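Worksheet: one structure, shown below.
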Amino acid sequence: FFYMDSKGRETVGEWTGAGNYSIVGSDHMEGTRQDPKYYNSVFAVTYGGAVSGPYSKFHLVPFGEYVPFAKTIPFIRKVVQRYGYTGFTPGESVKPLAIGEHLVGPIVCFDSFFPEIARRQALQGAGFLAHLSYETWYGDTPASAQIFTNGVLRSAETGLYMVRCVASGISGFVDDRGRITAVTRLFTRDALARDIKIRKKGSLTPYTRYGEWFVWECLIVLLAACLIRYKIK
């Protein structure tokens, strides 16, 4: 548990020089040993080991990170208790992490499928997005590419650059127009370095500012057209 391991924080803090930051993913625990809550989290670490965060994953993967209805259906609860399975707890808020004078909007794995996560990060002043994921368990399937593609949409919607770092999956960079500028290959040890633009505060795309209003507007127009056609008949 990174946040509870002072030596681990110091080690990560030594990865960069003064004035630089590392954005890392780790398990995180809150509560007591008798009643612990585990989170899939992201931290920003300065040179020297000072920590900003955590941001905890908002949308967990069913059966991968938690068992659905384990707390409400007695049969499932008994099975979970019998085998000693302990799942993760979803994050309670979507909030950027501070890295110096800037803010970064973390997105963890499955969160990239939900546009409201990146939008809320952007509304709170995130200057770019950081997508962290562990995708080794998907093997050689197209899953990593699919998750990356969803991240591309989040950049296009919010107008934010995205840095994506993935264990064993496809890592890379996406610009503020949703164009992939660099990628790694599956199960290939590699390192990429690119310049990114950090968006100025207050510079919001129409989607970030207004959300899904266009979709709802289209739905209202469609329903109105159907109603008019029905009355004409």
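In this text the structure is predicted, and so the values were computed from the model without any measurement.
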Subject >> Joint cluster assignment, Val12 & Val42, ILVMFWY side-chain distance < 4.5 Å >> reply: no
Original post:
Taking ILVMFWY side chains as joined if any heavy atoms are under 4.5 angstrom apart, and letting links pass through other members, which residues group with Leu204?
Top reply: Leu123
Original post:
So which pairs with a foot in residues 96-113 pass side chain to side chain donor-acceptor pair (under 3.5 Å), sequence neighbours left out?
Top reply: Tyr55-Asp111
Original post:
Side chains of Val183 and Phe148: closer than 4.5 Å at any heavy-atom pair?
Top reply: yes
**OP:** Please report the closest heavy-atom contact between Asn150 and Gln146, naming both atoms and the distance.
**Re:** ND2-O, 2.9 Å
Original post:
Is there side-chain contact between Phe58 and Glu116, with heavy atoms separated by less than 4.5 Å?
Top reply: no
Original post:
What distance do Thr136 atom OG1 and Leu186 atom CG have between them, rounded to the nearest 0.5 Å?
Top reply: 10.0 Å
Subject >> For Pro36, all residues meeting side-chain contact (heavy atoms from CB on, under 4.5 Å), sequence neighbours excluded >> reply: Met29, Tyr38
Subject >> For Pro62 against Pro68, the heavy-atom pair lying closest together >> reply: CB-CG, 4.0 Å
**OP:** First locate atom CE of Met162, then atom CD1 of Ile107, and finally report the distance between them rounded to the nearest 0.5 Å.
**Re:** 4.0 Å
Original post:
Would the number of heavy atoms belonging to other residues, nucleotides or ligands and lying under 6.0 Å from CG of Asp195 be above 12?
Top reply: no
Original post:
Sequence neighbours excluded, which residues qualify as side chain to side chain donor-acceptor pair (under 3.5 Å) partners of Glu30?
Top reply: His28
Original post:
With hydrophobic residues grouped by side-chain heavy-atom distances under 4.5 Å, do Leu97 and Tyr39 end up in a single group?
Top reply: no
Subject >> Partners meeting side chain to side chain donor-acceptor pair (under 3.5 Å) with Arg154 (sequence neighbours left out) >> reply: Glu157
Subject >> Pair listing, ring-ring contact (aromatic ring centres under 6.0 Å, His included) test, anchored in residues 106-140, at least two apart >> reply: His59-Phe114, Phe110-Phe113, Phe110-Phe114
Original post:
Should Leu160 and Asp176 count as side-chain neighbours, where that means a heavy-atom distance under 4.5 Å?
Top reply: no
Original post:
Applying side chain to side chain donor-acceptor pair (under 3.5 Å), which residue pairs with at least one partner in residues 15-27 are found, sequence neighbours left out?
Top reply: none
Subject >> Euclidean distance, Leu60 CG relative to Cys109 SG, rounded to 0.5 Å >> reply: 10.0 Å
Subject >> Spacing of Thr89 atom OG1 and Asn40 atom CG [to the nearest 0.5 Å] >> reply: 11.0 Å
Original post:
Can the positive tip of Arg194 be found less than 6.0 Å from the middle of the six-membered ring of Tyr161, inside 45° of the ring normal?
Top reply: no
Original post:
Can you tell me how far the CD1 atom of Ile23 sits from the OG atom of Ser52, to the nearest 0.5 Å?
Top reply: 9.5 Å
Subject >> Side-chain cluster (under 4.5 Å, hydrophobic types only) that Tyr47 belongs to, other residues >> reply: none
Original post:
Quick one: CZ on Arg185 to CG on Asp190, what's the gap to the nearest 0.5 Å?
Top reply: 9.5 Å
Original post:
Do Val94 and Ile99 share a hydrophobic cluster, counting only Ile, Leu, Val, Met, Phe, Trp and Tyr and linking them when any side-chain heavy atoms are less than 4.5 Å apart?
Top reply: yes
**OP:** Measure from the side-chain N and O atoms of Ser171 to the backbone N and O of Val166, and report whether any donor-acceptor pair falls under 3.5 Å.
**Re:** yes
Subject >> Test side chain to side chain donor-acceptor pair (under 3.5 Å) applied to Ser56 - qualifying residues, sequence neighbours left out >> reply: Ser41
Subject >> For the student: nearest non-hydrogen atoms of Lys95 and Gln121, plus distance >> reply: C-OE1, 3.3 Å
Subject >> Common cluster, Val108/Val104, ILVMFWY with side-chain heavy-atom separation under 4.5 Å >> reply: yes
Donor-acceptor contacts under 3.5 Å from residues 208-221 side chains, at least two apart:
from, atom 1, to, atom 2, distance (Å)
Thr208, OG1, Thr205, OG1, 2.9
Glu212, OE2, Tyr207, OH, 2.7

Subject >> Contacts of type salt bridge (charged side-chain N to carboxylate O under 4.0 Å, His left out), residue Arg164, not counting sequence neighbours >> reply: Glu135
Subject >> Shortest non-hydrogen contact from Leu103 toward Pro96 >> reply: CB-CB, 3.9 Å
Subject >> Single-linkage hydrophobic cluster Val152~Ile170, side-chain heavy atoms < 4.5 angstrom >> reply: yes
Subject >> Partner set under side chain to side chain donor-acceptor pair (under 3.5 Å) for Asp175, not counting sequence neighbours >> reply: Arg179
